[in-house]
Amino acid sequence: MRRALVLLTAAIGCGGDPSPSTGASEATTTTTGTAGTEATAPTEPTGTSTAAPTTTGAPLLPGECTSPIEPVLLTSGRVSLDPSGRMLDEHGRDVLLRGVNTGGRSKWAPFVPFPIAAEIDPAGFAAEAEQFFARLPSWGINVVRLLFSWEALEPAPGEYDARYLDRYAAMVDAAWAHGLRVVVDFHQDVYTSTFCGDGFPPWTLQQDPMPAPHECPDADWGLKYVLDGDVRSAFDRFWADEDELHAKFFAMWGQMIARIGDHPGVVGLEIVNEPGSGTANDVPAWKHEVLNPFHTEAVAQLRALAGDELLILFDNPGTDAVGFQPVEHVRPEGSGLVYAAHMYDAGLVKGLPSIGMMPEPYLDDVADFAAAEGLGVLIGEFGYGHGAPGAEEWLARALDRMDARRLSATLWECSQNEVDWNAEDLSVLAADGSERDSLDVFVRPYLRAVAGSDSAFAWDQTTVTASWTADGGVSEIALPPRRFDGASLDIELATRTGPEGACWTLDRDRGELRVQAPDGAQVEVTLKLAD
């Protein structure tokens with residue numbers, strides 16, 4: 001009976017006979033349908049639909065499509081940037097990248113985000129990678145920031161670990177097989193494992209005498225950027241290009257790019273995570289005088305190695321991420337650049353009460369700078385320690401602002417940690433791979449792809465409101481199965497101005513609501529969790 005009522009509602013909504021429309025519509029037309037678990041037949045990804053809905057005779061009122069809109073399939077995860085910094089996919093749609101970091105467990109041997117047997121063979125590793133990434137699409141995400149370690153890739157000068165490259169490539173394969181774009185992130189923390197960090201190989205130190213290994217784990221490792229002489233000297237040595245470390249750094253990047261740079265799932269390359277400022281006390285001046293020239297050099301080097309299709313991401317020192325002082329924003333030279341700033345509350349990240357670092361002003365500042373400079377934005381890291389009081393509200397506020405400013409982002413973090421790296425406990429997965437409650441906040445709807453412009457989106461835990469001016473293509477609202485599987489949804493589609501003929505298709509298998517509207521139609525979607 002419920003299915004019959006739903007289909008009747010949809011038929012009424014799609015089968016009306018309004019007066020023909022010419023030019024902008026003076027009246028607002030609205031159609032509401034109710035979609036339960038039976039309302040939409042499964043649709044198979046058989047092709048790409050980009051043309052506006054066709055009709056014969058009078059245009060249709062907004063409502064459920066009489067013929068389902070086919071999924072918009074991608075041949076590549078690549079995106080380009082328009083002059084305002086919007087990310088555009090191969091169909092010219094404004095896309096939002098929302099995802100996770102494959103985090104803490106990737107920082108030490110065997111340098112992957114899930115447990116594996118010591119001598120696992122390639123087929124076995126591929127199976128483990130498949131199992132790890134297969135769960136992520138149900139969260140509605142479409143990107144992973146996939147960490148890699150220079151120490152793992154080049155354990156001795158000039159000696160590259162082919163097995164590590166093969167494993168990294170297998171993870172890229174597994175991610176893209178599930179529709180997840182990959183940001184290739186050279187990840188470091190307090191320079192190297194010698195200092196309880198990760199990233200740079202210990203052989204790049206080569207100081208006389210060599211620094212003694214620090215006592216690990218170190219729950220206060222982040223303070224070493226400003227308090228530890230060994231860490232600060234190591235960064236000074238790198239920025240000064242002693243022993244031609246820059247050439248070795250770019251040679252290392254050349255190995256990675258040669259292995260996965262042409263992979264269709266790779267969307268971008270991140271130069272270096274949270275670069276430390278060494279002994280420089282005036283961090284804003286250091287960014288202008290040292291870091292930004294290095295980033296500009298790196299952009300040119302990576303472009304020479306990888307070509308122009310991939311995004312190049314750059315980041316700030318980790319001390320900028322916690323809001324202790326205003327951030328000096330600096331833009332490297334080059335095109336296709338994405339500002340990958342990080343954002344943490346220094347209390348919440350330790351599992352403690354907030355120190356008051358609210359996300360809205362920080363995100364607005366990043367968004368305003370990027371828009372003025374024609375940069376894309378992907379908030380590379382944000383998150384909180386498990387059990388931190390008030391953290392869920394902080395995370396919801398952060399995501400609300402990201403939606404309002406249309407900022408891409410990757411949550412820190414998603415890995416299976418049998419031992420917490422330096423006592424950090426931020427993963428959305430427990431050690432056994434089960435999901436933690438933090439996913440209840442992070443997994444939520446968002447406006448994943450806009451075929452058009454002037455978009456807006458909001459979610460208040462029960463209701464989605466989205467609007468845009470259409471260009472005739474297919475837009476997508478992500479409705480993660482983890483949150484919406486089995487939910488009864490009331491969907492309302494309205495044409496506020498412009499030509500009629502907009503319609504929607506709910507695809508529960510893919511976790512998305514697809515909306516197609518004629519070029520120039522200003523549409524609004526309201527989707528409510530039905531009582």
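Just so it is clear, the structure is predicted and the values come from calculations on it, not from any experiment.
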Checklist line | Parallel, tilted or perpendicular: rings of Y339 and F314 (30°, 60°) | finding: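 Rings of F314 and Y339: parallel, under 30°.
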Check: Between W239 and F235, how do the two ring planes meet: parallel, tilted or perpendicular, split at 30° and 60°?
Finding: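 Aromatic pair W239/F235 classed parallel.
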Would you check if [X] and [Y] make a side-chain contact, meaning some heavy-atom pair closer than 4.5 Å?
X    : Y    : value
P264 : W176 : yes
E500 : P518 : no
V377 : V338 : no
D315 : V272 : no
L489 : L506 : yes
N101 : L411 : no
V143 : L180 : no
W459 : L399 : no

Heavy-atom pair of closest approach, residues [X] and [Y]:
X    : Y    : value
G452 : R86  : O-NH1, 3.2 Å
A409 : F382 : CB-CE2, 3.5 Å
R105 : N417 : N-OD1, 3.0 Å
L479 : P445 : CD2-CB, 4.0 Å
Y446 : G140 : OH-O, 2.6 Å
E270 : A340 : OE2-CB, 3.9 Å

I'd like to know if the side chain of [X] and the backbone of [Y] have a donor-acceptor N/O pair within less than 3.5 Å.
X    : Y    : answer
T410 : V100 : no
D198 : D189 : yes
R181 : V267 : no
H91  : R93  : no
S106 : T102 : yes
R510 : L513 : no
N142 : R98  : yes
D320 : V327 : no
E413 : S415 : yes
Y384 : P389 : no

Notebook entry, point to check: Looking at W412 versus H187, is the centre-to-centre ring distance below 6.0 Å?
Noted result: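 Ring centres of H187 and W412 closer than 6.0 Å.
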Can you tell me how far [atom2] of [Y] sits from [atom1] of [X], rounded to the nearest 0.5 angstrom?
X    : Y    : atom1 : atom2 : answer
L136 : I141 : CG    : CD1   : 4.5 Å
R78  : L74  : CZ    : CG    : 12.0 Å
L223 : T319 : CG    : OG1   : 11.0 Å
L97  : I379 : CG    : CD1   : 12.0 Å
S80  : D308 : OG    : CG    : 12.0 Å
H263 : S76  : NE2   : OG    : 10.5 Å

Next item on the list: For L527 and W504, run side chain to side chain contact (heavy atoms under 4.5 Å, CB included): C-alpha distance rounded to whole Å, both residues' side-chain angles, the deciding distance at 0.1 Å, then the answer.
Entry: CA-CA 11 Å; L527 182 149; W504 54 262; over 6 Å; no
Donor-acceptor side-chain pairing of [X] and [Y] below 3.5 angstrom:
X    : Y    : value
W221 : E424 : yes
K107 : N422 : no
D460 : T462 : yes
T75  : E90  : yes

salt_bridge([X], [Y]) N-O dist < 4.0 Å:
X    : Y    : answer
D400 : R444 : yes
D345 : K350 : no
R436 : D425 : yes

Note to self: Applying salt bridge (Lys or Arg N to Asp or Glu O under 4.0 Å) to R514 and E476, what does each step give before you reach the verdict?
What the structure shows: CA-CA 5 Å; R514 295 189 287 273; E476 298 171 8; over 6 Å; no
Margin query: Can you confirm whether more than 12 heavy atoms, excluding those of E373, are under 6.0 Å from its CD atom?
Written below: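 More than 12 heavy atoms, drawn from other residues, nucleotides or ligands, come within 6.0 Å of this atom.
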Check: Counting only heavy atoms not in E309, do more than 12 fall under 6.0 Å of its CD?
Finding: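 Counting other residues, nucleotides and ligands, CD of E309 stays at 12 neighbours or fewer.
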Next item on the list: Please report the C-alpha distance between H386 and S427 in whole Å, then the side-chain angles of each, then the deciding distance to 0.1 Å, and finally whether the side chain to side chain contact (heavy atoms under 4.5 Å, CB included) criterion is met.
Entry: CA-CA 8 Å; H386 186 62; S427 181; over 6 Å; no
Next item on the list: For side chain to side chain contact (heavy atoms under 4.5 Å, CB included), just list the numbers for M343 and M402, CA-CA rounded to whole Å, side-chain angles, deciding distance to a tenth of an Å, and then say yes or no.
Entry: CA-CA 12 Å; M343 180 181 69; M402 291 173 191; 4.1 Å; yes
Note to self: Run the salt bridge (charged side-chain N to carboxylate O under 4.0 Å, His left out) test against D185 and tell me which residues pass, sequence neighbours left out.
What the structure shows: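 If we apply the salt bridge (charged side-chain N to carboxylate O under 4.0 Å, His left out) test to D185, skipping adjacent residues, the hits are R145.
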Next item on the list: With side chain to side chain contact (heavy atoms under 4.5 Å, CB included) as the test, would you mind laying out the steps for S455 and L447 before giving the verdict?
Entry: CA-CA 9 Å; S455 65; L447 188 52; 3.8 Å; yes
Next item on the list: List the steps and the verdict of ring pair (Phe, Tyr, Trp, His ring centres under 6.0 Å) for F249 and F294.
Entry: CA-CA 12 Å; F249 176 80; F294 175 78; 5.7 Å; yes
Next item on the list: Report the residue from F148, W150, F186 that forms a ring-ring contact (aromatic ring centres under 6.0 Å, His included) with W253.
Entry: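 Option passing the ring-ring contact (aromatic ring centres under 6.0 Å, His included) with W253: F148.
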Check: Given D440 and R483, is the salt bridge (Lys or Arg N to Asp or Glu O under 4.0 Å) satisfied, shown in steps?
Finding: CA-CA 8 Å; D440 296 339; R483 187 165 196 135; over 6 Å; no
Between side-chain atoms of residues 356-372 and protein atoms elsewhere (two or more places apart, or another chain), which donor-acceptor pairs fall under 3.5 Å?
unit_1, atom_1, unit_2, atom_2, d
E360, OE1, R397, NH2, 3.0
E360, OE2, R397, NE, 2.8
E360, OE2, R397, NH2, 3.2
Y362, OH, H342, O, 2.4
D364, OD1, R401, NE, 3.1
D364, OD1, R405, NH1, 3.1
D364, OD2, R401, NE, 3.4
D364, OD2, R401, NH2, 2.7
D365, OD2, H329, NE2, 2.8
D368, OD1, R405, NH1, 3.3
D368, OD1, R405, NH2, 2.7

